Protein chains: 2
Amino acid sequence: MKDLTLKQNQFFEALKENYGKDALPSLSAIKELLGYKSKNSVAQYFNVLKKKNIIEEKNSRYYISQDFLGARLFSSKVRAGFASAMEDEVENLISFDRELELNKTNVFIFRVSGDSMVDLGIFEGDYVSIKKSSYAQDKDIVLANIDGGFTLKTYRNKNNKVWLEPANKNYPNLYPRSSLVIFGVALGIMRKF
Amino acid sequence: MKDLTLKQNQFFEALKENYGKDALPSLSAIKELLGYKSKNSVAQYFNVLKKKNIIEEKNSRYYISQDFLGARLFSSKVRAGFASAMEDEVENLISFDRELELNKTNVFIFRVSGDSMVDLGIFEGDYVSIKKSSYAQDKDIVLANIDGGFTLKTYRNKNNKVWLEPANKNYPNLYPRSSLVIFGVALGIMRKF
DNA sequence: GACTTTTATGTACAATCGTACATAATAATA
DNA sequence: TATTATTATGTACGATTGTACATAAAAGTC
């Protein structure tokens with residue numbers, strides 16, 4: 001694991017064990033936890049880990065680098081086995097919340113009902129991240145209110161004609177009779193098994 | 001939203017926007033970020049949010065409580081219009097990261113290649129949350145190494161026979177010749193449009 | 001109108017922070 | 001063996017921390 005001595009590795013494992021993805025507390029607090037008598041012991045380990053980019057600063061707090069924690073993107077190129085895959089070099093860390101902008105105030109979640117979008121792999125019960133918007137572009141997947149009812153469909157806009165298109169041959173296109181109000185555009189979906 | 005004034009809510013939204021699930025920095029740092037001239041402005045907002053359990057302490061660092069992170073679930077019962085739906089009472093806040101356990105150390109992400117699972121709505125490019133495990137139950141979706149190659153399939157275990165089942169009629173079942181090593185069980189998927 | 005709460009700024013201060021520097025025993029290495 | 005790196009403890013210090021207290025304009029409430 002990246003040229004750490006035994007003690008350094010023990011120290012790092014203790015950090016992982018106790019703080020995980022959370023911000024690391026003060027040197028003194030870690031000193032107390034690990035039973036050192038001087039916070040400088042901790043500071044010296046910190047310097048080692050910092051130099052090796054195992055811990056890094058963010059908003060003036062220290063964190064264990066994401067490369068050493070959590071949901072790393074598993075590279076399909078890796079063939080050498082699981083262990084090596086987990087301890088390999090720099091991997092991307094992905095947050096679904098971040099990718100689908102869940103913590104923005106203009107984004108909310110819609111739960112799919114029905115099977116009108118199955119051909120696009122959108123199944124009943126799926127969670128859809130919806131970004132609030134009154135406008136959409138051709139082929140965007142939108143949450144819309146057409147003639148009074150909510151629905152998730154592909155938005156079509158062609159030759160000055162506007163309609164909603166399901167992704168299921170068994171359903172017809174929806175041409176708005178009175179009104180078509182777009183509530184938001186889908187950013188992505190999440191499905192829990 | 002839990003009896004916050006307009007300003008308090010703006011303050012809180014700014015925190016969410018800037019720090020999300022990370023630890024909050026010092027009062028001074030937030031003061032600078034939000035353009036206040038006294039860190040006490042921030043301290044007073046902090047007191048309000050603390051009292052309402054919107055932010056909480058952990059390892060002597062402050063975090064936004066999990067209950068307030070993530071996006072709100074859009075209730076399909078709401079028919080009265082978009083505005084009211086957005087400003088309603090207590091809503092479920094959903095975090096995809098939390099649901100699919102992305103911040104656990106034994107969970108990683110695998111990117112789907114190929115179309116062997118399309119019938120289950122798992123498409124090429126989808127992100128799959130995989131919980132590390134050597135065992136699986138019948139009908140779990142697993143990431144496995146069969147005869148040397150990685151693949152995402154449905155794990156089948158019936159009458160002492162084990163095989164991997166694709167979700168696409170064009171593909172055959174995979175019966176392990178030499179070895180079948182399960183790497184993990186899929187918890188769910190994310191797709192970004 | 002009278003009263004209260006909210007919002008914003010400012011000053012003061014003890015406690016704690018991280019860093020720097022020093023010392024020395026131990027472990028690793030050449 | 002000689003030399004270097006690691007590990008552990010300690011002291012010192014300026015910077016920063018969060019809290020407390022005070023003031024006052026603005027907004028909200030009765």
Side-chain angles (χ1 to χ4, degrees), chain A residues 1-66 68-69 87 105, chain B residues 1-65 68 83 87-89:
Chain A
M1 152 68 81
K2 249 201 168 190
D3 296 333
L4 289 187
T5 66
L6 187 77
K7 294 263 185 182
Q8 287 164 355
N9 201 60
Q10 283 172 355
F11 179 87
F12 173 55
E13 291 297 332
L15 285 191
K16 259 207 296 194
E17 176 72 20
N18 282 283
Y19 305 113
K21 65 180 171 50
D22 293 331
L24 303 177
S26 67
L27 299 180
S28 309
I30 298 176
K31 176 201 94 180
E32 294 295 331
L33 177 84
L34 301 185
Y36 288 104
K37 293 184 179 170
S38 167
K39 63 176 174 178
N40 253 354
S41 306
V42 178
Q44 278 166 125
Y45 283 113
F46 256 55
N47 285 331
V48 172
L49 298 179
K50 271 190 265 182
K51 205 163 286 173
K52 293 182 187 291
N53 293 317
I54 295 175
I55 62 178
E56 54 189 23
E57 208 176 336
K58 191 177 179 186
N59 299 327
S60 70
R61 309 259 109 117
Y62 282 104
Y63 294 85
I64 297 173
S65 298
Q66 301 188 324
F68 296 89
L69 274 180
E87 284 154 33
T105 52
Chain B
M1 152 70 79
K2 252 204 163 187
D3 299 333
L4 289 187
T5 66
L6 186 78
K7 294 263 185 181
Q8 288 164 356
N9 201 60
Q10 283 172 353
F11 179 87
F12 173 56
E13 292 297 335
L15 285 192
K16 261 208 295 191
E17 176 74 20
N18 282 282
Y19 305 113
K21 64 182 168 48
D22 293 331
L24 303 177
S26 68
L27 299 180
S28 309
I30 298 175
K31 177 201 93 179
E32 294 296 331
L33 177 83
L34 301 184
Y36 288 104
K37 293 184 179 169
S38 167
K39 63 176 174 176
N40 255 353
S41 305
V42 177
Q44 279 166 122
Y45 283 112
F46 256 54
N47 286 331
V48 173
L49 297 179
K50 272 190 264 182
K51 204 162 287 173
K52 293 181 188 288
N53 293 319
I54 296 175
I55 62 179
E56 53 189 24
E57 209 175 337
K58 192 177 179 185
N59 299 327
S60 71
R61 308 259 110 117
Y62 282 105
Y63 294 83
I64 297 173
S65 301
F68 296 92
E87 286 155 30
D88 243 3
E89 328 237 342

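Not measured: the values here are computed from a predicted model. Just so it is clear: chains get the letters A, B, ... in the order the sequence lines come, proteins before strands, and each one is counted from 1.
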Q: Map every base of DNA chain C to its dot-bracket character, where paired means a Watson-Crick or G-U wobble contact with both distances under 3.5 Å and | marks a partner outside the strand.
A: ||||||||||||||||||||||||||||||
(Q) Give me each pair satisfying salt bridge (charged side-chain N to carboxylate O under 4.0 Å, His left out) with a member in residues 56-66 of chain A, each pair once, sequence neighbours excluded. (A)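 Pairs touching residues 56-66 of chain A that pass the test: K58(A)-D22(B).
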Q) Between L24(A) and L15(A), which heavy-atom pair has the shortest distance, and what is it? A)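 For L24(A) and L15(A), the tightest heavy-atom pair comes out as CD1-CD1, 4.1 Å.
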Q.
Between P on dT19(D) and CD1 on I30(B), what's the gap in Å once rounded to a whole number?
A.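 Interatomic distance, CD1 of I30(B) to P of dT19(D): 12 Å.
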Q: Find the distance between CZ (F12(B)) and CD1 (I55(B)) and round it off to the nearest 0.5 Å.
A: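 So the CZ of F12(B) and the CD1 of I55(B) are separated by 9.0 Å.
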Q.
How long is the straight-line distance from NZ of K7(B) back to OG of S41(B), given to the nearest 0.5 Å?
A.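 Interatomic distance, S41(B) OG to K7(B) NZ, rounded to 0.5 Å: 10.5 Å.
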Q: Tell me, please, which residues at least two apart from F46(A) pass ring-ring contact (aromatic ring centres under 6.0 Å, His included).
A: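 Scan of F46(A) (ring-ring contact (aromatic ring centres under 6.0 Å, His included), adjacent residues dropped) gives Y62(A).
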Q.
List the residues meeting ring-ring contact (aromatic ring centres under 6.0 Å, His included) with F11(B), not counting sequence neighbours, and say none if there are none.
A.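 So F11(B) forms a ring-ring contact (aromatic ring centres under 6.0 Å, His included) with Y45(B).
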Expected list for residues 25-39 of chain B: side-chain donor-acceptor pairs under 3.5 angstrom, two or more places apart:
from, atom 1, to, atom 2, distance (Å)
S26(B), OG, A29(B), N, 3.1
S38(B), OG, N40(B), N, 3.1

Strictly under 3.5 Å: I want the nitrogen or oxygen pairs between protein and nucleotides 28-30 of chain D, one per line.
none

Quick one: which protein N/O atoms are closer than 3.5 Å to N/O atoms of nucleotides 26-30 of chain C? Pair and distance per line, please.
none

Q: Tell me whether the OP1 or OP2 atom of dT17(D) has a side-chain N or O from S26(B) closer than 4.0 Å.
A: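 For S26(B), the contact criterion (side-chain N or O under 4.0 Å from OP1 or OP2 of dT17(D)) is met.
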Q: Indicate whether OP1 or OP2 belonging to dT19(C) is found under 4.0 Å from a side-chain N or O atom of K50(A).
A: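 Answer is yes, contact under 4.0 Å.
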Q. Counting N and O atoms only, with roles assigned by atom type, does the side chain of Y63(B) sit under 3.5 Å from a partner on the main chain of A23(A), one being a donor and the other an acceptor?
A.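 Pair found, side chain donor or acceptor close to backbone of A23(A).
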Q: Would you indicate whether the side-chain heavy atoms of L4(B) and L49(B) approach each other to under 4.5 Å?
A: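 Yes - at least one pair of side-chain heavy atoms lies under 4.5 Å apart.
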Using atom names, set out every protein N or O paired with an N or O of nucleotides 5-9 of chain D below 3.5 Å, distance rounded to 0.1 Å.
from, atom 1, to, atom 2, distance (Å)
dT7(D), OP1, T5(A), OG1, 2.6
dT7(D), OP2, Q8(A), NE2, 3.1
dA8(D), OP1, K7(A), NZ, 3.4
dA8(D), OP2, Y36(A), OH, 3.4
dA8(D), OP2, Y45(A), OH, 2.6
dA8(D), N7, Q44(A), NE2, 3.3
dT9(D), OP2, K37(A), N, 3.3

Q | Pairing residues for T5(B) by the side-chain hydrogen bond (donor to acceptor under 3.5 Å, both in side chains) criterion, not counting sequence neighbours | A |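 So T5(B) forms a side-chain hydrogen bond (donor to acceptor under 3.5 Å, both in side chains) with Q8(B).
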